[in-house]
There are 2 protein chains.
Amino acid sequence: MPKAKETRPVATAPGGRKAAEPAKAATRTEKVHEALRQAIIEQQLEPGARLPEDMIGESFGTSRTIAREALLRLSVEGLVDLMPNRGAFVANPTLDEGRDIFVVRRGLERMVVLQLAGQLSSAQIEELRQMLVNEELAGARDEREAIRLAGEFHLRLAGMTGNKLLVRYLTETVSRCSLVLTIYGRPHSVDCGLDEHRQIIEALIAGEGERAAELMEHHIEQVAGRALLETRKPRSVQDVLSSYAERISRG
Amino acid sequence: MPKAKETRPVATAPGGRKAAEPAKAATRTEKVHEALRQAIIEQQLEPGARLPEDMIGESFGTSRTIAREALLRLSVEGLVDLMPNRGAFVANPTLDEGRDIFVVRRGLERMVVLQLAGQLSSAQIEELRQMLVNEELAGARDEREAIRLAGEFHLRLAGMTGNKLLVRYLTETVSRCSLVLTIYGRPHSVDCGLDEHRQIIEALIAGEGERAAELMEHHIEQVAGRALLETRKPRSVQDVLSSYAERISRG
DNA sequence: TAAAATAAAATTGCATGCAATCTTGACATG
DNA sequence: CATGTCAAGATTGCATGCAATTTTATTTTA
């Protein structure tokens, strides 16, 4: 990791965009943000680990300001917990929170395929099939790469809807699902069944939206695994108490 | 608005929470963030308006640091556009973006009611019915308040799922829908049909999830209006070009 | 020895300063 | 008159300093 403290590097020219879009300039904050994001998702940073601003700044050769901003962004994404006056920690979601995240992801993925069914251009179909091939190739040798490609598949699918917000939410959710799986996932996680991806694509091409949606939901549940989705979330203490209070008042 | 620049006020004691939750301490940044958020949603700040850090800092009696952080959060929420080296602007979504936001909201609301159907405690049912009454009362005299309450209804519903992430996404989306409607909404917007809310609640109580979902989707489409949801999104230039390229290559 | 009190070190919250970049408006030029 | 150039002003990107708070290490006390 670089540790120099040279004078400010020239910013990449912003190439006169019209407006409307934030225009990516790959600022230093974004670099640090992205690096930390990767580190968390790849389990290089243990959930619950402390992330002092100073340390991050030194590691990347920047001031705390940058580190702070990156941490703020990560906290919005849910990959970092920010505790006022106490600092930042790698997110350490409970099992319940993990389940919640998967539930939301399942719903988002459903939206994606419903919108895409029967709408794919042949260029897009070609691209998806190519991704499938790449997944297959990578899967044989590099597990790490295979996992990354599998995630990419879902994100690319979302991208094809052209819905920026949907892409953002799904990106966030997929990241957090990775984190959840590093904590609660089985060791021999299936991650993403290649054949399930293939079936989904075929359903999309055939224009069978509801079937694609069902395949996708099943697929996500598969990834999440029993521990996460099939367990019933216990009711909160408050709920339990109020239901007992109810029972009593009824006699 | 206060404009003093006195020494740092004592922070509210963080009351030793265990961990896991970010612990709300109502920092100054959060105050500024919330104020700006309200101002944008209530149309006090015109879409596209410039938001210089200095100006915000002076208005709230803080430094640019605070303003900057608040702006960053708002940009993540999509209420502000941040352009590197150029500054912050009140978000000014295009019609397409507005449609995208409503589509996502519709999907999120669907998730909410599907999860809630047949699961409401009688305390929750009571609370929802009370909200209905309040909406009715407010609707007669204070339109502003009625709109606020209507939004609150949707958020409270989400809250009842106990799914934090779902609540966050829906909160964000509802805010952005407000913004979109201030730009593209009809003047005599229906906002939220009271009777539709009532029907949804009844379906939830009856445990008819799919019916509640349909009612909710219809309800959101009603709010969005024709202009936003019934128009077909035109294909992007890239899509058009590639489909023409295709046609040519086929002969 | 365990618990409480206290002092020292580490870390965050926030303001401010300076250089880089962008915006503007005056001025020159075709 | 439209267009291009360039300097002055405005604004952001980032680093740094200091006070407040939290964490830790140490000492005191029961």
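Numbered from 1 within each chain, the chains take letters A, B, ... in sequence-line order.
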Quick one: [X] [atom1] to [N] [atom2], roughly how many Å, whole number?
{"X": "A/E69", "N": "D/dA15", "atom1": "CD", "atom2": "P", "answer": "11 Å"}
{"X": "A/N85", "N": "D/dT23", "atom1": "CG", "atom2": "P", "answer": "9 Å"}
{"X": "B/E30", "N": "C/dC14", "atom1": "CD", "atom2": "P", "answer": "10 Å"}
{"X": "A/L82", "N": "C/dT11", "atom1": "CG", "atom2": "C1'", "answer": "13 Å"}
{"X": "A/K31", "N": "D/dG13", "atom1": "NZ", "atom2": "P", "answer": "15 Å"}
{"X": "B/E58", "N": "C/dT16", "atom1": "CD", "atom2": "C1'", "answer": "14 Å"}
{"X": "B/M83", "N": "D/dG13", "atom1": "CE", "atom2": "C1'", "answer": "17 Å"}
{"X": "A/D54", "N": "D/dT23", "atom1": "CG", "atom2": "P", "answer": "16 Å"}

With a 4.0 Å cutoff (strictly under), does any side-chain N or O of [X] reach OP1 or OP2 of [N]?
{"X": "A/R68", "N": "D/dA15", "result": "no"}
{"X": "A/S63", "N": "D/dA15", "result": "yes"}
{"X": "B/R64", "N": "C/dT16", "result": "no"}

Quiz item: Do the non-hydrogen side-chain atoms of B/L108 and A/M111 ever get within less than 4.5 Å of each other?
Solution: yes
Exercise. Can you sort out the partners of A/F89 under ring-ring contact (aromatic ring centres under 6.0 Å, His included), two or more places apart, ordered by chain and number?
Key: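 For A/F89, no residue satisfies ring-ring contact (aromatic ring centres under 6.0 Å, His included) once neighbours in sequence are set aside.
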Exercise. Name all residues meeting the ring-ring contact (aromatic ring centres under 6.0 Å, His included) criterion together with A/Y169; count only those two or more places apart in sequence or in a different chain, and write none if there are none.
Key: B/Y169
For the side chain of [X], counting heavy atoms from C-beta on, which of [options] is nearest?
{"X": "B/R28", "options": "D/dG13, D/dC14, C/dC14", "result": "C/dC14"}
{"X": "A/R50", "options": "C/dT11, D/dC14, D/dT22", "result": "C/dT11"}
{"X": "A/I66", "options": "C/dA15, C/dG13, D/dA15", "result": "D/dA15"}

Quiz item: Dot-bracket for DNA chain C, 5' to 3', with Watson-Crick and G-U pairs under 3.5 Å, [ ] for crossing pairs and | for other-strand pairs: what is it?
Solution: ||||||||||||||||||||||||||||||
Exercise. Please tell me which of A/T65 and A/A88 maps to the more 5' nucleotide of DNA chain C, matching each residue to the nucleotide holding its nearest heavy atom.
Key: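 The residue closer to the strand's 5' end, by nearest nucleotide, is A/A88.
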Practice problem: Answer yes when B/R168 and A/E172 have at least one side-chain N-carboxylate O distance shorter than 4.0 Å, and no when they do not. | Solution: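 Salt bridge present between B/R168 and A/E172.
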Which donor-acceptor pairs under 3.5 Å do the side chains of residues 70-78 of chain A make with protein atoms, sequence neighbours left out?
from: A/S75; atom 1: OG; to: A/L72; atom 2: O; distance (Å): 2.9
from: A/E77; atom 1: OE1; to: A/R37; atom 2: NE; distance (Å): 3.4
from: A/E77; atom 1: OE2; to: A/H33; atom 2: NE2; distance (Å): 2.3

Quiz item: For A/R68, what residues pass the side chain to side chain contact (heavy atoms under 4.5 Å, CB included) criterion, not counting sequence neighbours?
Solution: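 A/E53, B/E69.
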Quiz item: side chain to side chain contact (heavy atoms under 4.5 Å, CB included) with B/E145: which residues, sequence neighbours excluded?
Solution: B/A138, B/D142, B/R148, B/L149
